[in-house]
Amino acid sequence: MSYDTTSIEAKWQAAWAEADLFLATRDARPKYYVLEMFPYPSGRIHIGHVRNYTMGDVIARYKMSCGFSVLHPMGWDAFGMPAENAAMASGGHPKEWTYRNIDTMRGQMKPLGLSIDWSREFATCDPEYYGQQQALFLDMLDAGLVYRKPAVVNWDPVDMTVLANEQVIDGKGWRSGAEVERRELTQWAFAISSMAEDLLDSLGDLENWPDKVRLMQENWIGRSRGLQMTFPLSAPVHGHDGVEIYTTRPDTLRGASFIAIAPEHPLARALAQDDAELAAFATEVRRGGTTEEALETAEKRGYDTGLTVQNPLGGTLPVWVANFVLMEYGTGAIFGCPAHDQRDLDFARKYDLPVVAAFKPYEAESFEVGAAAYVPPKTELVEYVDNPAGVHRTTGHEGVETTIDWAETQGIGEGRVQYRLRDWGLSRQRYWGCPIPVVHCPDCGVVPERKENLPVRLPDDVTFDVPGNPLDRHPTWAATACPECGADARRETDTMDTFVDSSWYFARFTAPRADKPTVAEDVDYWMNVDQYIGGVEHAILHLLYSRFFARAMNVTGHLPAKAREPFDALFTQGMVTHPAYVTRDDKGRTIYHLPEDVDLSSGTVRATGEAIEIVPAIKMSKSKLNVVDPQAIIAQFGADTARWFVLSDSPPERDFEWTPEGAAAVHKHLTRVHRLATDIARADRAPNDADAELARATARAIAEVTQGIDGFAFNKSVAKLYEFTNTLSRSDAGAQARRDAMRTLAQLMAPMVPHLAEEIWTMMGGEGFVLSAPWPEADPALLVEDSVTLPIQINGKRRSEVTVPKDMDKAGIEARVMADDAVIRALDGGAPKKLIVVPGRIVNVVV
RNA sequence: GCCCCCGUGGCGGAAUCGGUAGACGCAGCGGAUUCAAAAUCCGCCGCCGCAAGGCUUGCCGGUUCGAGUCCGGCCGGGGGUACCA
């Protein structure tokens, strides 16, 4: 009987389906919810998907064997820009494109034999899903968690449309090539910053999250304590008597040499009304995209308003308008202290402003600020110069706190906690997203749609032949009656950020067909997600938004309190990086091509024969040029080979590299296991002395493979399975002992290669499905070793070794070590300077 | 720019708590089997060196009896940077 993957895999997939093995049921068993981040339906699955979903499948199948009722669902993150881009590029409709892709990808995923409950599948672009999302939105609006505010967007002045950051390349619109400018629109926003403190403090409870993710979120939320104070204007202007600033370094007030306000600051706007030069400056610095990176790396520029403010420490400070001050953070105004801030120093040098030290290095002989600002860590001792609060030699931390206390006593300002986290702007001027269910009435203003009218459906008759939002220019869609007064009114034509769709899908999976967002009994039973698996690229936004949404859904009664942190454990798998294939048009602009549209052997675009560039050049490598089609691999070697290979070799948290040799080698190994099982099934040898050793090896394999799965180290489990297979293959044990070992091997392999495991399980006379058999347990008695070999180091270098009984005490080990030839030679008759014995580990002789 | 992560043989990687660096796999080399090959099985395999021995975890420095692991500083690569998902 040969290893025929096609028939074996089809047979077992049919048997699992027949038995409804993966249907998640609420019952008396403890539950386990394992979830992989759902895919964007881009067109075809790639080997990264295979890896991601195989990891989740290993956990799901392992937990099933451990007696849990497992929920392992799958869906589609189906709204988003690529569908509109496809419609623009080649006609067609985003809806058709998306559902066609979903069909293709589902068809590619099913042959992998994943333990998914497909009865719960949904796409976020299903009206049944986004209608419930609209209901959530309305409840959050009611709870004060959504509001409208001005927000800055990338504006393409030629296409007259809003661009995503991705569509701004080197400050220019990707299609028009026009220089992008920042423009303010009124947008809907979630009040995520109102929960900043809780989102920050609760990170400490997420013990089963990677430290790096918690750290990134902590830095992103960015709690800071500082001083908010007002500098009185020397002469009031346009109704402003002062400039309110926020600073995290009030201890540098002595070194302040200017005030800088954002170009969007109310004072700057007021002044610009009758200062054409300032208005021109404000327009000028509005050029470019909205990303933090663009703002941070832009040249620092300023405009002197000619106004001055009174410094509470005496004298006056000039008021500048500066492009590096953000209206969205703090008060939109700062004081500049060039001596202790590099950006302020660069600004001061450029515009010839004074540089005054507020403190100098501790016990420094002389001190002068040159090209670099003096910015020691806040934990370092410094010597303050003439500090108003009277501090002298202390740390920055102390200096800040003392100065805040002083400022409060003097009535100059107040200590304040500030977060970097901004509210989440959710409005998008795009078609392929969840419509925001509100109506603009000329009389009643902004009015929520009635829940009984949900879902507010997207119209199908739209075109993408001109830039801009098809909803906005649709002839009839927006026309409606005001839900309050019945007058003619207009629907909101913005749709929601697609991050909203992915912020609650995990909750919807617990009751995917319900006629309300969630069902209490189902979320009570299934929440929280016990193990969430996905890419580290989602470490901040998606995970933070989901944490916020879970809280908001708790406030609005859609989730229990226990689900305020929805993901009990998080694993971030290695990134799947794609090389990008690029050609340039006649204007030198880059055009990207899908990997499958590129012929790598000739380095050209298949359709046009144009030569491609591969970017980024540094990432270019033989392996990354390999574009692997999972379907071809399954056809050639079977799903089990693909599954085993993506789990072997690379640790799950690191990037994975596919090599054709590796896949072939895996197939060879699985064929060998199958042949070994066939041989063992037929064998007829009497019990003998080797049986006990094989039993010990089996116990070790159980312990080590289980430990690997528990610790998310599938590559190590795979290595141990190789070892155990080699041991079993070479064992002279009797037929029954080898059958027992083979049956255990099938169980241990089952989470990784479930089809082959079922086949072998049956061959070995196992009852039912291997998946339904309880996970094997290692007999502790068989794991105990009675002696241990200790390496002997001499001066930290390994020179010899000694084998001693496992429980031998230090004195006994010392005696054995002193009798070792290498030690005797090294000591040359003398006594060791030091003898370090770490029982069970190592011996180090210092001579 | 800022935040986070990673760097070990020809290659993917192992070393779980500061304690034998290189498990396991790939590639390579040698052998058995074969008329021959494929397949299979057995063995070797970090670098320098005939050997004794020396060197070796991106680079430089530090702590320690002992550092791939801890600390400081560099270099290189990756991710995120709020409208890619």
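Residue numbers begin at 1 in each chain, while the letters A, B, ... track the order of the sequences. These figures come from a predicted structure and were not determined experimentally.
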Open item on the list: Using the P atom as the point on both nucleotides, what is the distance between B:C29 and B:U56, in whole Å?
Closed with: 30 Å
Task: Between P of B:U81 and CG of A:L544, the distance in whole Å - done: 12 Å
Open item on the list: If I pick the P atom on B:C50 and the same atom on B:G28, what distance separates them, to the nearest angstrom?
Closed with: 26 Å
TODO: Can you check whether any acceptor in the base of B:C83 is under 3.5 Å from a donor in the side chain of A:Q187, or vice versa?
DONE: yes
Open item on the list: Nearest to the side chain of A:Y722, heavy atoms from C-beta on, is which of B:C24, B:A85, B:G1?
Closed with: B:C24
Open item on the list: Let me confirm one number: the CZ-CZ distance from A:F324 to A:F347, rounded to the nearest 0.5 Å.
Closed with: 5.0 Å
Task: Nearest-neighbour nucleotide for the A:R675 side chain, B:G1, B:U40, B:G12 considered - done: B:U40
Task: Value in whole Å for how far the C1' atom of B:U81 lies from CG of A:L326 - done: 13 Å
- [ ] Report the secondary structure of RNA chain B in dot-bracket form, marking unpaired bases with a dot and bases paired to a different strand with |, and treating Watson-Crick or G-U pairs with both distances under 3.5 Å as paired.
- [x] (((((((..(((......[....))).(((((.......))))).(((....)))..(((((..]....))))))))))))....
- [ ] Could you check how far CD of A:E292 sits from C1' of B:C4, rounded to whole Å?
- [x] 13 Å
Task: Close side-chain approach of A:D211 and A:R214, heavy atoms under 4.5 Å - done: yes
TODO: Identify which nucleotide among B:U20, B:C24, B:C83 has an atom closest to any side-chain atom of A:E723, counting heavy atoms from C-beta outward.
DONE: B:C24
Task: A:E184/A:K149 ion pair, N-O < 4.0 Å - done: no
Task: Under-3.5 Å donor-acceptor pair between A:Q429 side chain and B:C83 base - done: yes
Task: For atom CZ of A:R825 and atom P of B:A52, their distance in whole Å - done: 13 Å
Task: B:C17: syn or anti, per glycosidic angle within 90° of 0 - done: syn
Open item on the list: Can you identify which nucleotide, out of B:C17, B:G25, B:A14, has its nearest atom closest to the A:R654 side chain?
Closed with: B:A14
Task: Donor + acceptor pair across side chains of A:T291, A:N165 (<3.5 Å) - done: no
Open item on the list: Just to be sure I understand the rule, does A:P210 reach a base, reach only the sugar-phosphate, or reach nothing, if contact means heavy atoms closer than 4.0 Å?
Closed with: nothing
- [ ] Determine: side-chain N/O of A:N219 to OP1/OP2 of B:G80, distance under 4.0 Å, yes or no.
- [x] no
Task: Donor on one side chain, acceptor on other, A:T161 and A:D156, under 3.5 Å - done: no
TODO: Identify the residue among A:V817, A:V788, A:V843, A:T789 that makes a side chain to side chain contact (heavy atoms under 4.5 Å, CB included) with A:V804.
DONE: A:V788
Task: P-based separation of B:C17 from B:C71 [nearest Å] - done: 14 Å
Task: Separation of the C1' atoms in B:U69 and B:U64, to the nearest angstrom - done: 13 Å
Task: Phosphate-side-chain proximity, A:R730 and B:C42, N/O vs OP1/OP2 below 4.0 Å - done: yes
- [ ] Remember a base hit wins even if backbone is also touched, and classify A:R672 as base, sugar-phosphate or nothing at under 4.0 Å, heavy atoms.
- [x] sugar-phosphate
Open item on the list: Once you apply a heavy-atom cut-off of 4.0 Å, does A:K720 come out as touching a base, just sugar-phosphate, or nothing?
Closed with: nothing
Open item on the list: Counting the atoms with a prime plus P, OP1 and OP2 as sugar-phosphate, which does A:G425 contact under 4.0 Å by heavy atoms, base, sugar-phosphate, or nothing?
Closed with: sugar-phosphate
Task: A:S650 side-chain proximity, nearest of B:G12, B:G54, B:G1 - done: B:G12
Open item on the list: Between A:D170 and A:K172 (side chain of the first, backbone of the second, donor and acceptor by atom type, cut-off under 3.5 Å), is there such a pair?
Closed with: no
Open item on the list: Anti or syn, where syn is a glycosidic angle within 90° of 0; which label fits B:G61?
Closed with: anti
- [ ] Nearest-nucleotide wise, let me know which of A:N165 and A:S648 is further upstream toward the 5' end of RNA chain B.
- [x] A:S648
Open item on the list: If we count only N and O atoms by modelled type, under 3.5 Å, do the side chains of A:W432 and A:T98 hold a donor and an acceptor together?
Closed with: yes
- [ ] Output, in order, the C-alpha distance, side-chain angles, deciding distance and verdict of salt bridge (charged side-chain N to carboxylate O under 4.0 Å, His left out) for A:R420 and A:E292.
- [x] CA-CA 12 Å; A:R420 203 188 78 100; A:E292 190 194 335; 3.6 Å; yes
Task: Sugar-phosphate only, base, or nothing, as touched by A:V162 at under 4.0 Å among non-hydrogen atoms - done: base
Task: Between B:G7 and B:U57 - P atom distance, rounded Å - done: 14 Å
- [ ] Measure the distance from NZ on A:K797 to P on B:A52 and round it to the nearest whole Å.
- [x] 17 Å
For nucleotides 62-65 of chain B, which of its nitrogen or oxygen atoms have a protein nitrogen or oxygen under 3.5 Å away, and what is each distance?
| residue | atom | partner | partner atom | Å |
| --- | --- | --- | --- | --- |
| B:C65 | O2' | A:N844 | ND2 | 3.3 |
| B:C65 | O2 | A:N844 | ND2 | 2.5 |

- [ ] Name the nucleic acid region contacted by A:K716, choosing base, sugar-phosphate or nothing; use a 4.0 angstrom heavy-atom cut-off, strictly under.
- [x] sugar-phosphate
- [ ] For A:D77 and A:S502, test the side chains for any donor-to-acceptor distance below 3.5 angstrom and give the result as yes or no.
- [x] no
Task: Nearest-Å distance once atom C1' is located in both B:A14 and B:A23 - done: 5 Å
Open item on the list: From CD of A:E299 over to P of B:G1, roughly how many Å is that when rounded to an integer?
Closed with: 16 Å
Task: B:C83 phosphate, OP1 or OP2, under 4.0 Å from A:R428 side-chain N/O - done: yes
- [ ] Could you work out the separation of B:A15 and B:G22 based on their C1' atoms and round it to a whole Å?
- [x] 9 Å
Open item on the list: Go through it in stages, so that I can follow the logic: the residues are A:R343 and A:D346, the test is salt bridge (charged side-chain N to carboxylate O under 4.0 Å, His left out), and I'd like the CA-CA distance, side-chain angles, deciding distance and then a yes or no.
Closed with: CA-CA 5 Å; A:R343 190 184 57 193; A:D346 296 342; over 6 Å; no
Open item on the list: What contact category does A:H538 fall into here, base, sugar-phosphate, or nothing, at under 4.0 angstrom with non-hydrogen atoms?
Closed with: base
Open item on the list: Under 4.0 Å, counting only non-hydrogen atoms across every strand here, what does A:S427 touch: a base, just sugar-phosphate, or nothing?
Closed with: base
- [ ] Write down the atom of A:Q573, the atom of A:I533, and the distance for their closest heavy-atom approach.
- [x] OE1-CG2, 3.9 Å
Task: Distance-only side-chain donor-acceptor flag, A:N469 / A:Q429, under 3.5 Å - done: no
Open item on the list: Nearest to the A:N726 side chain among B:C83, B:U20, B:G25, which nucleotide is it?
Closed with: B:G25
TODO: Report which part of the nucleic acid A:V153 touches: base, sugar-phosphate, or nothing (heavy-atom distance under 4.0 Å, all strands).
DONE: base
TODO: Answer yes or no for A:R148 and A:W188: cation-pi contact, defined as NZ/CZ to six-membered ring centre under 6.0 Å and angle to ring axis within 45°.
DONE: yes
- [ ] Name the closest nucleotide to the A:T291 side chain, picking from B:A85, B:A82, B:C24.
- [x] B:A82
TODO: Using a heavy-atom cut-off of under 4.0 Å over every strand shown, decide if A:L421 touches base, sugar-phosphate, or nothing.
DONE: base
Task: Whole-angstrom distance between B:U8 and B:G46, as gauged at atom C1' - done: 10 Å
Task: Nucleotide nearest A:A164 when distance is taken to its side chain, options B:C84, B:G25, B:A82 - done: B:C84
Task: Whole-Å distance separating the CE atom of A:M37 from the C1' atom of B:G80 - done: 13 Å
Open item on the list: Side-chain N or O of A:R214 versus OP1/OP2 of B:C3: is the shortest distance under 4.0 Å?
Closed with: no
Open item on the list: Less than 4.0 angstrom between a side-chain N/O of A:N715 and OP1 or OP2 of B:C24, yes or no?
Closed with: no
